[in-house]
Amino acid sequence: MGDTAVILKKGKGRTVKSGGMWIFDNEINKISGSFENGDIVEVHDFDGYFIGFGFINTKSKITVRLMSRRKENPVTEELIDQRVRAAWDYRKQVIDTSCCRLIFGEADFLPGIVVDKFADVLVVESLALGIDKLKPVILDKLKKALAEDNIHIRGIYERSDAKVRENEGMERWKGFIGEPFDTKVEIVENGVKYIVDVEEGQKTGFFLDQKNNRAAIRKICKGKKVLDCFTHTGSFALNAGMAGAASVLGIDASAAGIRQAAENARLNHLEERVRFECADVFDLLPKLEEEGERFDVVILDPPAFTKSRSSVKNAVKGYREINMRGLKLLEEGGFLVTCSCSHFMEPELFAKTIKEAAKSAHKRLKQVEFHTQAPDHPILWAADESYYLKFYIFQAVDEK
């Protein structure tokens, strides 16, 4: 560190200068000195002004991810320890830490790595070469910080199997870090019990970012007939059931997800009121409409319809379609719960798409609540990639 410097082109690096953490390949004028991909390098503006320390990977369009902006704060084990402890101290103040995201990449100034805690198990996802080299130190410091609060981790599982790793020239991989353990972990969130499969479940096994949003739907579900679309392992459906819904139908295209959802329903003694069906939501919603089915609450929690700017137009069509179909299934005065977890579906565009869907369904919308992701997934201003989840609750009324 210190022998290699990345020099920006004149007029480039505006994002990183305004607080962002990424430097793209087309912003770089030259690289002086020798290095291996994954090494820590200095970043300088075109005139030699010091911008920060970051790790480099010339195989990635995000060529440098910044780790420190201060010359006196090089990337050392001490700096990593400070970052890990700051992340843990923050979670203790803002969220129930029995299950939560402990480290959220750029938002915790540890770019490219995510660590989730499920009871006494950690799941790590590493998406950048430089942070992958620092991963053992990060996990060691994290376990020590937790142990000081009498939280002892019995196992760590790595879920670095996302396709995005290939953009870094890295292989996709998952497996145990350390001794093997039972990868089906029981957690409790908002009083609901779940079995989380950290080995085979989506992402790290469970979507922690909707924790507060799942709690928010409870007030509108008591005594109601509820439809939960894209239910995954049943989290919104089970919260509706716990709130006293008269009946809940959860839909998902994944047979494995539906099996897990049904097991979670039995775990919470909700199997008589909460049932699940394996089906394609896009096919099922028009079928339910034709059959004359109506619901008091419709929940739409789809996977990201777009993971790049180039596919946003198609994503808009998908969001418009499901929201229009969902609204048509609502009883007069019923509630639509709808969200997007795609970073590229910007808030203004998502709101516009819902408005268009409501017009097509001949419904007027009263906004009840708007939320983003839970605070253990903090939104770092100037690092736009950390803001992705948009969550609405509307009451839908017929046009008067």
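Any value given below was found using the heavy atoms of this structure, including those in side chains, with hydrogens, waters and symmetry copies removed.
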Main-chain N/O of [Y] paired to [X] side chain as donor or acceptor, under 3.5 Å:
{"X": "N190", "Y": "V192", "answer": "no"}
{"X": "R159", "Y": "E125", "answer": "no"}
{"X": "H343", "Y": "Y387", "answer": "yes"}

Checklist entry - Side chains of T183 and Y157: is there a donor and an acceptor less than 3.5 Å apart? => result no
Next on the checklist: Pairing donors with acceptors under 3.5 angstrom, does anything connect the side chains of D108 and Y90?
Outcome noted: no
Under the rule for salt bridge (Lys or Arg N to Asp or Glu O under 4.0 Å), what residues qualify as partners of [X], not counting sequence neighbours?
{"X": "K224", "value": "none"}
{"X": "E77", "value": "K141"}
{"X": "E186", "value": "none"}

With sequence neighbours excluded, residues passing side-chain hydrogen bond (donor to acceptor under 3.5 Å, both in side chains) with [X]:
{"X": "S342", "value": "none"}
{"X": "T372", "value": "none"}
{"X": "K366", "value": "none"}
{"X": "Q373", "value": "none"}

With a cut-off of 3.5 Å and sequence neighbours excluded, list every side-chain donor-acceptor pair involving residues 126-137.
| from | atom 1 | to | atom 2 | distance (Å) |
| --- | --- | --- | --- | --- |
| S126 | OG | D132 | OD1 | 2.6 |
| D132 | OD1 | K135 | NZ | 3.3 |
| K133 | NZ | N37 | O | 3.2 |
| K135 | NZ | E158 | OE1 | 2.8 |
| K135 | NZ | E158 | OE2 | 2.9 |

Side-chain atoms of residues 100-107: list all donor-acceptor pairs with protein atoms under 3.5 Å, sequence neighbours left out, distances to 0.1 Å.
| from | atom 1 | to | atom 2 | distance (Å) |
| --- | --- | --- | --- | --- |
| R101 | NE | D116 | OD1 | 2.6 |
| R101 | NH2 | D116 | OD1 | 3.4 |
| R101 | NH2 | D116 | OD2 | 3.0 |
| E106 | OE2 | W22 | NE1 | 2.8 |
| E106 | OE2 | R65 | NH1 | 3.4 |

Next on the checklist: Under the rule for side-chain contact (heavy atoms from CB on, under 4.5 Å), what residues qualify as partners of T233, not counting sequence neighbours?
Outcome noted: F206, Q260, N264
For residues 281-294, which side-chain N or O atoms pair as donor and acceptor with protein atoms under 3.5 Å away, sequence neighbours left out?
| from | atom 1 | to | atom 2 | distance (Å) |
| --- | --- | --- | --- | --- |
| E289 | OE1 | R325 | NH1 | 3.2 |
| E293 | OE1 | K225 | NZ | 2.8 |

Checklist entry - What residue pairs, at least two apart or across chains, pass ring-ring contact (aromatic ring centres under 6.0 Å, His included) with a residue in residues 218-248? => result F207-H232
Next on the checklist: Restricting to non-hydrogen atoms, name the atom on V188 and the atom on D96 that form the minimum distance, rounded to 0.1 Å.
Outcome noted: O-OD2, 4.4 Å
Checklist entry - If you measure from OG1 on T231 to CD1 on I258, what distance do you get to the nearest 0.5 Å? => result 6.0 Å
Item to check | Option from K17, K9, R14 for which salt bridge (Lys or Arg N to Asp or Glu O under 4.0 Å) with D45 holds | outcome: K17
